[in-house]
Protein chains: 2
Amino acid sequence: MVGKEIGERHFIEDVALFCEQMGLPRMAGRVLGVLLISDPPSQSLNELCDCLQASKSSVSTMARLLVGEGLIEPAPCLVPRRDYFRFKDGGWLEFMRRRMEVMAGLHAIADRGLELLDGKDESLRTRLEEAHDVFEFVDSEFRGWLERMGKRSDKSAGRDRP
Amino acid sequence: MVGKEIGERHFIEDVALFCEQMGLPRMAGRVLGVLLISDPPSQSLNELCDCLQASKSSVSTMARLLVGEGLIEPAPCLVPRRDYFRFKDGGWLEFMRRRMEVMAGLHAIADRGLELLDGKDESLRTRLEEAHDVFEFVDSEFRGWLERMGKRSDKSAGRDRP
DNA sequence: CTTTTCGTTCTGTAAATACTGAACGTTGAG
DNA sequence: CTCAACGTTCAGTATTTACAGAACGAAAAG
């Protein structure tokens with residue numbers, strides 16, 4: 001079972017800390033950490049509870065949270081009446097995509113700010129023009145990268161999808 | 001004074017909400033919001049308190065937080081013994097740069113995970129190889145963009161820097 | 001020297017958050 | 001039918017967080 005070795009626990013905790021920095025609960029990060037190195041990639045809720053020493057409620061909630069984030073997915077159940085989860089192919093791309101979408105939200109806000117400064121001196125507008133430029137750039141450019149990355153990983157992907 | 005018109009307040013609150021999504025306190029976002037549309041770009045702490053109807057302690061703390069984030073900077077004080085702040089040129093680029101650095105942190109974590117799976121079947125390693133690829137890509141590619149963007153805004157920048 | 005005006009910092013508080021354990025409804029096994 | 005296993009949800013708790021207000025120290029103005 002995953003999570004016995006010290007190296008594994010350290011890895012899991014690092015993923016958890018990373019997720020925390022990304023605004024997810026630490027426990028969600030731990031679940032994800034396990035599903036990134038588990039030997040059958042698919043793990044049941046109980047297995048996750050066992051190797052994390054966490055309560056059913058936490059793990060259940062966090063698993064569904066991660067499904068919502070697009071990072072993991074329900075896996076075909078080997079045993080009936082048991083929920084299995086596994087990391088979702090392309091999960092990281094999806095994760096990045098959503099983060100970038102939030103970032104790009106400032107693009108619209110900056111535009112609204114520029115309307116407020118309509119007619120004012122150009123020196124007052126540069127602040128928002130910078131925001132406009134940066135996030136328009138992020139939006140357009142990053143969209144392109146994600147598509148390219150998506151294509152690239154499609155080619156090398158061979159796993160079964162449900 | 002900024003923050004009287006309904007449109008301004010709405011803009012400020014949107015920036016605050018954006019900042020909250022980015023993990024900053026909402027009040028920090030409000031301070032930033034004001035400094036994005038304020039008519040003299042430089043505003044004193046008291047002016048910020050007034051137009052936000054917030055306490056000195058909050059505004060003072062949040063201003064220094066934003067300075068630490070690289071989004072605003074202390075401005076040359078027109079009146080002695082009064083702290084002025086203004087939006088910092090290139091602040092958004094710096095902001096993006098730091099966010100991307102955190103993201104790129106997963107690159108190293110993924111590598112450590114791959115070491116844990118050393119010798120294991122390739123199908124078990126794909127999860128982490130995807131993470132490795134995505135975040136190496138983000139790291140290298142985005143660093144390039146930021147530099148290009150930096151150059152581009154250098155050309156169009158003419159404001160005095162302290 | 002005294003007073004006032006800043007900014008910072010400390011303390012307190014209300015609210016949000018992350019978790020646990022218990023209660024619940026469901027479904028397969030005996 | 002009864003019981004056990006499983007997942008979800010609810011209630012409770014402990015920690016953290018975002019703010020306000022008071023106390024404090026420094027420095028200019030009087």
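Remember, predicted model here, so these are calculated numbers, not experimental data. All chains are named by letter (A, B, ...) in the order of the sequence lines, taking the proteins before the strands, and each is independently numbered beginning at 1.
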Phosphate OP1/OP2 of D:dC6 contacted by A:N46 side-chain N/O (<4.0 Å): yes
Rounded distance in Å - CE (B:M62) to P (D:dT17): 12 Å
From D:dG7, D:dT9, D:dC19, nucleotide with atom closest to A:S57 side chain: D:dT9
Pairwise side-chain contact, B:R86 with B:P76, heavy-atom cut-off 4.5 Å (strictly under): yes
Beyond-backbone contact of B:L48 with B:R30, side-chain heavy atoms, under 4.5 angstrom: no
Plane angle bin for B:F142 and A:F142 - parallel if under 30°, tilted between 30 and 60°, otherwise perpendicular: perpendicular
Min side-chain heavy-atom separation A:M96-A:M149 under 4.5 Å: no
Near-strand residues of residues 19-27 of chain B, defined as heavy-atom separation under 4.0 angstrom from DNA chain D: B:P25, B:R26, B:M27
pair A:I109-B:L36: side-chain heavy atoms closer than 4.5 Å: no
Any A:S60 side-chain N or O less than 4.0 Å from OP1/OP2 of D:dG7: no
Short side-chain N/O contact from B:R30 to OP1 or OP2 of D:dC19, under 4.0 Å: yes
Flag if over 12 foreign heavy atoms under 6.0 Å of CZ, A:R98: yes
5' to 3' contact window, DNA chain C with chain A (heavy-atom distance under 4.0 Å): C:dA18 to C:dG28
Residue pairs passing the salt bridge (charged side-chain N to carboxylate O under 4.0 Å, His left out) test where at least one lies in residues 34-52 of chain A, sequence neighbours excluded: A:D39-B:K120
For atom CG of A:D50 and atom P of D:dA5, their distance in whole Å: 13 Å
Student check: side-chain heavy atoms of A:I12 and A:I37 closer than 4.5 Å: yes
Contacts of A:D133 that satisfy side chain to side chain donor-acceptor pair (under 3.5 Å) - sequence neighbours left out: none
D:dA20 OP1/OP2 closer than 4.0 Å to side-chain N/O of B:S55: yes
Rounded interatomic separation in angstrom, taking CZ from A:R82 and P from D:dA4: 16 Å
Distance, rounded to the nearest Å, where B:K56 contributes NZ and D:dA20 contributes P: 13 Å
Net bend of the helix from C:dC1-D:dG30 to C:dG30-D:dC1, end axes of five pairs each, nearest 10 degrees: 10°
A:D121-A:S123 side chain donor-acceptor pair, cut-off 3.5 Å: yes
Protein-nucleotide distance (B:Q53, atom CD; D:dC19, atom P), rounded to Å: 15 Å
Pair listing, salt bridge (charged side-chain N to carboxylate O under 4.0 Å, His left out) test, anchored in residues 103-112 of chain A, at least two apart: A:R112-B:D14
